[in-house]
2 protein chains.
Amino acid sequence: MSNNQFKKGELYSFITGKASTAIGRRLQKNFKQANIEITIEQWSVLYHLWKVDGMSQQQLCDATFRDKPSITRLVDNLEKLKLVKRNASKEDRRKNLIVLSPVGKELEERCMEIANITLNEALQGVTNGQIEIAKEVLQMVYDNLK
Amino acid sequence: MSNNQFKKGELYSFITGKASTAIGRRLQKNFKQANIEITIEQWSVLYHLWKVDGMSQQQLCDATFRDKPSITRLVDNLEKLKLVKRNASKEDRRKNLIVLSPVGKELEERCMEIANITLNEALQGVTNGQIEIAKEVLQMVYDNLK
DNA sequence: GACATATAGTTGTTTATGCAACTAAACAAA
DNA sequence: TTTGTTTAGTTGCATAAACAACTATATGTC
């Protein structure tokens with residue numbers, strides 16, 4: 001690959017990721033309009049718990065690509081909102097298993113509907129083929145750097 | 001476009017933008033290794049000042065896709081680091097013109113070299129054609145939501 | 001000129017990230 | 001069993017983002 005493939009202006013937009021910031025802001029706004037008072041960061045944790053309830057904090061770190069302090073504090077805030085609860089693991093007393101409350105479980109359907117709507121807004125006019133390639137590139141970038 | 005084009009797992013990674021986060025972290029790390037003690041957010045402001053010195057804070061907001069309080073505080077921190085200075089505009093006394101200090105100017109060459117190296121690390125194995133399509137998709141997402 | 005409105009920037013609050021230093025439990029080896 | 005190491009999670013600190021409320025200057029209209 002050539003060293004000169006990027007003009008400076010292109011470099012900037014690729015690094016700063018303004019598209020994902022824009023999606024995040026729109027999703028947040030759409031949650032708010034639906035009277036769902038959670039942040040997109042909290043959503044990204046709940047998202048994984050809706051798939052597999054009772055994950056440990058370390059598993060949430062791996063799933064969400066966050067470090068341990070970030071997850072500690074996101075779980076703190078989700079607990080304050082009564083959406084999850086920390087249960088000490090009986091097999092390994094170092095572990096907290098994070099379980100959804102009934103209210104936390106109920107949020108899934110509405111949140112996922114809004115997330116799908118948001119994504120369709122974001123991807124208007126983009127073809128499936130283009131999306132596939134964009135996803136591949138982003139995955140390769142991630143793999144190159146992790 | 002179909003409403004069902006995204007399986008949930010794909011939706012998540014597209015929204016959360018882990019690739020741009022990974023590039024940002026790597027750039028930060030590469031700055032640190034080169035003993036350049038600025039954050040990537042500070043870099044993204046300097047980047048525009050290197051192109052056009054003396055921009056107003058509002059112009060920096062538009063260029064970096066940040067709101068006004070964010071720019072106020074980034075400029076505060078850049079001033080603390082003696083990399084820029086706020087100069088009151090003589091034509092319009094509401095405006096601060098942000099000008100680079102000599103030290104701020106000197107940083108450009110080393111920073112841009114590191115940014116280019118980081119981007120080449122990130123894009124190993126990705127073809128120019130794929131990059132073009134990824135950039136188009138990200139631009140369309142941004143335009144759809146702004 | 002006086003008043004309403006728009007623009008530029010600041011401050012306060014809450015939430016989140018990155019890093020380093022820390023505690024506690026589990027495990028492994030002697 | 002004692003010692004050392006790894007793993008899980010927490011806490012402190014600095015930086016940053018989003019949002020709302022605010023001040024001050026500029027501008028448009030009557």
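A, B, ... follow the sequence lines: proteins, then strands. Residue 1 opens every chain.
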Assuming nearest nucleotide by heavy-atom distance, tell me which of D76(A) and R25(A) is located more 5' along DNA chain D.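 Its nearest nucleotide lies further toward 5', so the answer is D76(A).
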
Between D67(B) and N96(A), which residue's closest nucleotide on DNA chain D lies nearer the 5′ terminus?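 Result: N96(A).
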
Base, sugar-phosphate alone, or nothing: which one does [X] contact when heavy atoms must sit under 4.0 Å apart?
{"X": "K95(B)", "value": "sugar-phosphate"}
{"X": "T39(B)", "value": "sugar-phosphate"}
{"X": "I71(A)", "value": "nothing"}

Please report the interatomic distance CD1(I114(B)) to CZ(R26(B)), rounded to the nearest 0.5 Å.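 One gets 13.0 Å once the value is rounded to the nearest 0.5 Å.
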
Which value, rounded to the nearest 0.5 Å, describes the distance between R86(B) atom CZ and D76(B) atom CG?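 The CZ atom of R86(B) sits 4.5 Å away from the CG atom of D76(B).
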
In whole Å, I'd like the distance from the CD atom of E91(B) to the P atom of dT25(D).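 Taking CD of E91(B) and P of dT25(D), I get 16 Å after rounding.
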
Please report, rounded to the nearest Å, how far the C1' atom of dG18(C) is from the CG atom of L145(A).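 That distance rounds to 17 Å.
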
Check ion pair R110(B)-E113(B) (N to O, under 4.0 angstrom):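 A salt bridge is absent here (no side-chain N lies under 4.0 Å from a carboxylate O).
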
Does the base of dG12(C) carry an N or O that pairs as donor and acceptor with the side chain of R73(B) under 3.5 Å?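 A donor-acceptor contact between them is present.
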
Does the dT7(D) base have a donor-acceptor partner in the side chain of R94(A) within less than 3.5 Å?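 Donor-acceptor pair under 3.5 Å: yes.
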
Side chains of Q124(B) and N144(A): donor-acceptor distance under 3.5 Å anywhere?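 The answer is no; no qualifying pair exists.
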
Does Q42(A) or K90(A) map to a spot on DNA chain C nearer the 5' end, using the closest nucleotide for each?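 It is Q42(A), whose closest nucleotide lies nearer the 5' terminus.
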
Most 5' of L97(B) and N77(A) on DNA chain C, judged by nearest nucleotide: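 It is L97(B), whose closest nucleotide lies nearer the 5' terminus.
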
